[in-house]
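Before any comments, here is the structure.
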Amino acid sequence: MPMAAIHKALPILEDYDISPMTGFLPQDEPLKILPDPYFAPWEETFRNFNGLLLASRLRQRVNELPLLDAARLATKGEQRRGYLILCMLSHAYVWGKHELAAESLPATLAVPWQKVADMLEIQPVLTHAAVVMWNWQLLYKDGPRDLNNLDTLATLSGSSDESWFYLVTTAIEATGAPALRRILRAMQLVRDNEVTELIQELEDIRGIIEELVAVLRRMFEKCDPYVFYWKVRPYLAGWENMAEAGLPNGVKYEGVDNGEYKKLAGGSAAQSSLIHTLDIAFGVEHHPTGFRPKGASTPAPGPAHNHYNDASDVAAKATPKEGGSKSNNFIQKMRFYMPGPHRSFLTHLTEVANIRQFVSAKAAETSRSEEVIKLITVFDECVHQIKVFRDVHIQMVTLYIVMQANRGPSISHGGFAQQPKPAHPAEGNHDVAEEMRSASLSPSPTASNTAGSKGSSILYPQKVIAHTPTGLAKKQEAGNEVVRGTGGTDLIPFLRQSRDETNDSKIIPTPVWTKKTVSA
Ligand code: HEM
């Protein structure tokens, strides 16, 4: 093992604004109101912004706001509250409701937004941090941060479906929090060559990842896919690759950088530092879509657990590379949208990641003890649970995005545009179960970029045609067959590859299409 990894200190969570108790979530509840009356105009507008948006008067109100100095946001809690307010007001302002998308953000929002984003080392665009990490409250103050005890502070659509969408993700962050200190302890145990304790630690981490999957599945309970796709998702969009939505140059931030246009991606849970942490800890490497290394998908022959005694195939696959994952892709790019300290934590963690290398090296030894077999097994089970998480996520994206896009809105204009959409040949004729199954079970292509879903033709955000790009509607490119994600990714191939790359990190890879991938 290279000396650099041995000598560099492991990260200390608190140094990176991470709580050992609540992880990337702040330990204290986010502020419900800015205490300084100076910010009353923001708070007042924010309190009424759902109604103002519905009445198409939000822009008018924003234009009446005074230009406030964000430097007066004294504490981190205040800065986060200020950032949340400005994220929501700005996205509501840009996308409007049944209005032309605004390509210029007035200085009253743009200037303080840029300022507070700089203070938090984050981008002035709606992010996972704003709507998930800094947008919750506890119903019972002494109770846990779980779905029985959480509420949101604000939503863009004013719907409980949107609240649930955020809260499931908040609950995932809370559930995963204990994994952070366990991962660091596991890394220390690797350094100390303490295999027995390492196995115990990994067993606990596996249990936590299983819980994450259970929380993720709860999305289906209270977030209606139609509401999500047609009423919520459009507002989460940023202004990168948004020509079709009427923002070919992005958005102009008046009073910032000489009023230059900015192109920034919108909010996505791909910005969750928790999932990045798991990937780094377990050596999951992501590559640009279509560039997954050839042969990476080759599974070990036969049932995985029969092969834990066989060192030959593993030795070939064990490519200890100190320093964890190296990638240049969408997932990596999402770190740009995280709060600075969390981004720095991931960089540090990547430099010291050692668990997979350690297990690989043990697996490559000529004769394996019972203990080593147990170590390989539990390591692979952890990775398997991350893969299951991604299996469920793909099913979710299929239902919440691909199928909604294919079906079109229930009302012809979807709430946004004037003209009825052209009839879709396959509309109303979907086998839901089959569509979800095929999206999640098919192995991904390793070297090509294929369309995400048959017959779909969606860019972003809506399938509706308008004469001119009107607010959330936009012109649809003829012949476009790709469903894209919030960040403009070719959705399903990208997500499948990410899932398959997770599987590749197993010491003994299992075929991605086995039944186990969905039933586990
Ligand atoms: C209705 C629920 C959800 C939908 C529709 C959804 C949609 C998407 C989409 C479209 C992407 C592609 C990237 C982009 O364009 O932004 C994505 C990526 C991602 N999402 Fe979600 N998401 C959902 C819930 C969640 C939750 C609860 C998490 C948990 C943290 C999550 C974690 C991720 C991650 C980590 C990625 C990056 C891809 C990967 O690592 O495999 N998503 N999601």
Side-chain angles (χ1 to χ4, degrees), residues 10-33 75-84 87 119-122 127-154 163-187 201 204-216 218-219 267-281 334-335 337-346 348-349 385-386 389:
L10 296 177
I12 296 168
L13 294 176
E14 290 90 334
D15 290 351
Y16 293 98
D17 209 359
I18 302 167
S19 156
M21 306 298 297
T22 58
F24 297 104
L25 295 179
Q27 201 158 315
D28 296 329
E29 268 183 279
L31 289 180
K32 293 190 185 68
I33 188 162
T75 64
K76 203 143 232 182
E78 290 175 29
Q79 291 159 16
R80 290 168 177 165
R81 169 81 185 168
Y83 178 72
L84 169 66
C87 284
M119 291 157 105
L120 293 164
E121 299 173 67
I122 200 167
T127 55
H128 172 82
V131 295
V132 167
M133 299 205 302
W134 305 335
N135 183 29
W136 53 272
Q137 58 180 318
L138 296 173
L139 297 173
Y140 289 85
K141 299 304 160 200
D142 301 335
R145 286 160 176 74
D146 65 24
L147 286 167
N148 294 325
N149 199 38
L150 283 168
D151 190 12
T152 48
L153 297 176
S163 284
W164 192 251
F165 173 68
Y166 298 149
L167 293 175
V168 167
T169 321
T170 308
I172 285 173
E173 294 285 347
T175 306
L180 304 181
R181 57 175 192 275
R182 292 196 176 282
I183 284 168
L184 294 179
R185 181 161 150 70
M187 288 179 173
E201 210 62 59
D204 290 341
I205 295 170
R206 181 197 54 206
I208 293 169
I209 307 172
E210 279 170 2
E211 285 176 49
L212 296 184
V213 177
V215 180
L216 181 67
R218 296 198 59 191
M219 186 67 78
S268 169
Q271 296 156 1
S272 162
S273 304
L274 175 68
I275 309 298
H276 285 241
T277 299
L278 293 174
D279 279 345
I280 294 167
M334 287 294 105
R335 292 191 191 172
Y337 297 93
M338 294 174 184
H342 297 174
R343 190 169 50 245
S344 303
F345 171 74
L346 297 178
H348 190 161
L349 196 68
Q385 286 308 316
I386 304 174
F389 186 94

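Being a predicted model, the structure only gives us computed values, none of them experimental.
- Contact record, Ser19 with Gln27: OG-OE1, 2.7 Å, taken as the closest heavy-atom pair.
- A donor-acceptor distance shorter than 3.5 angstrom exists from the side chain of Trp164 to the backbone of Arg218, with no hydrogens or angles considered.
- Atom NE2 of His276 sits about 10.0 Å away from atom CZ of Phe24, to the nearest 0.5 Å.
- Under the 4.0 Å criterion applied to side-chain N and carboxylate O atoms, Glu173 and Arg145 are not assigned as salt-bridge partners.
- You'll find the side chain of Ser272 stays beyond 4.5 Å of the side chain of Thr169, heavy atoms only.
- Inspection of the Tyr337 and Ser268 side chains reveals no N or O donor paired with an N or O acceptor under 3.5 Å.
- From Gln79, atom CD reaches atom CE of Met119 across 4.0 Å, with rounding to the nearest 0.5 Å.
- Minimum interatomic distance between Leu184 and Leu349 (heavy atoms only, all atoms of both residues): CD2-CD1, 3.8 Å.
- Heavy atoms only, all atoms of each residue included: Met133 and Pro339 are closest at CE-CG, 4.1 Å.
- Looking at Asn148 and Tyr140, their side chains never come closer than 4.5 Å, going by heavy atoms from C-beta outward.
- The distance from the CG atom of Leu25 to the CG atom of Leu274 is 9.0 Å, given to the nearest 0.5 Å.
- Considering all non-hydrogen atoms of both residues, Tyr16 and Phe345 come closest at CD2-N, 3.5 Å.
- Considering CD1 of Ile208 and CZ of Arg206, their distance stands at 11.0 Å, rounded to 0.5 Å.
- His342 is linked by a side chain to side chain donor-acceptor pair (under 3.5 Å) to nothing, counting only residues two or more places apart in sequence or in another chain.
- Here the side chains of Met187 and Ile183 are in contact, with some heavy-atom distance below 4.5 Å.
- In terms of heavy atoms, Leu153 sits closest to Leu84 at CD1-CD2, 4.4 Å.
- Remark: Asp151 engages no residue in a salt bridge (charged side-chain N to carboxylate O under 4.0 Å, His left out) (not counting sequence neighbours).
- Leu31 has its side chain out of reach of Trp134: every pair of non-hydrogen atoms, C-beta onward, lies at least 4.5 Å apart.
- Under the 3.5 Å distance criterion, the side-chain polar atoms of Arg81 are matched with a main-chain donor or acceptor of Lys32.
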Original post:
For Phe389 and Ile172, what are the C-alpha separation, side-chain angles and deciding distance, and is it a side-chain contact (heavy atoms from CB on, under 4.5 Å)?
Top reply: CA-CA 11 Å; Phe389 186 94; Ile172 285 173; 4.2 Å; yes

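- Side-chain N or O atoms of Arg181 include one that pairs as donor or acceptor with a backbone N or O of Pro20 at under 3.5 Å.
- Asn135 places no side-chain N or O within 3.5 Å of a backbone atom of Thr152 that could act as its donor or acceptor partner.
- A salt bridge links Arg80 and Asp17; the closest N-O separation between the charged side-chain nitrogens and carboxylate oxygens is under 4.0 Å.
- The shortest distance between side-chain heavy atoms of Asp15 and Ile12 falls below 4.5 Å.
- A distance of 3.5 Å separates OG1 in Thr127 from CD1 in Ile122, rounded to the nearest 0.5 Å.
- Not a single donor-acceptor pair under 3.5 Å links the side chain of Glu211 to the backbone N or O of Thr175.
- At least one side-chain heavy atom of Arg343 sits under 4.5 Å from a side-chain heavy atom of Glu121.
- Smallest separation of non-hydrogen atoms from Met338 and Ser273: SD-OG, 3.3 Å.
- Between the side chain of Glu29 and the backbone N or O of Gln137 there is no donor-acceptor pair closer than 3.5 Å.
- Between Ile209 and Leu278 there is a side-chain heavy-atom pair separated by less than 4.5 Å.
- Looking at Leu120 and Lys76, their side chains come closer than 4.5 Å, going by heavy atoms from C-beta outward.
- Under the rule for a ring pair (Phe, Tyr, Trp, His ring centres under 6.0 Å), Trp136 has no partner lying at least two apart in sequence or in another chain.
- Note that the CG atom of Asp28 and the OG1 atom of Thr22 stand 8.5 Å from one another [nearest 0.5 Å].
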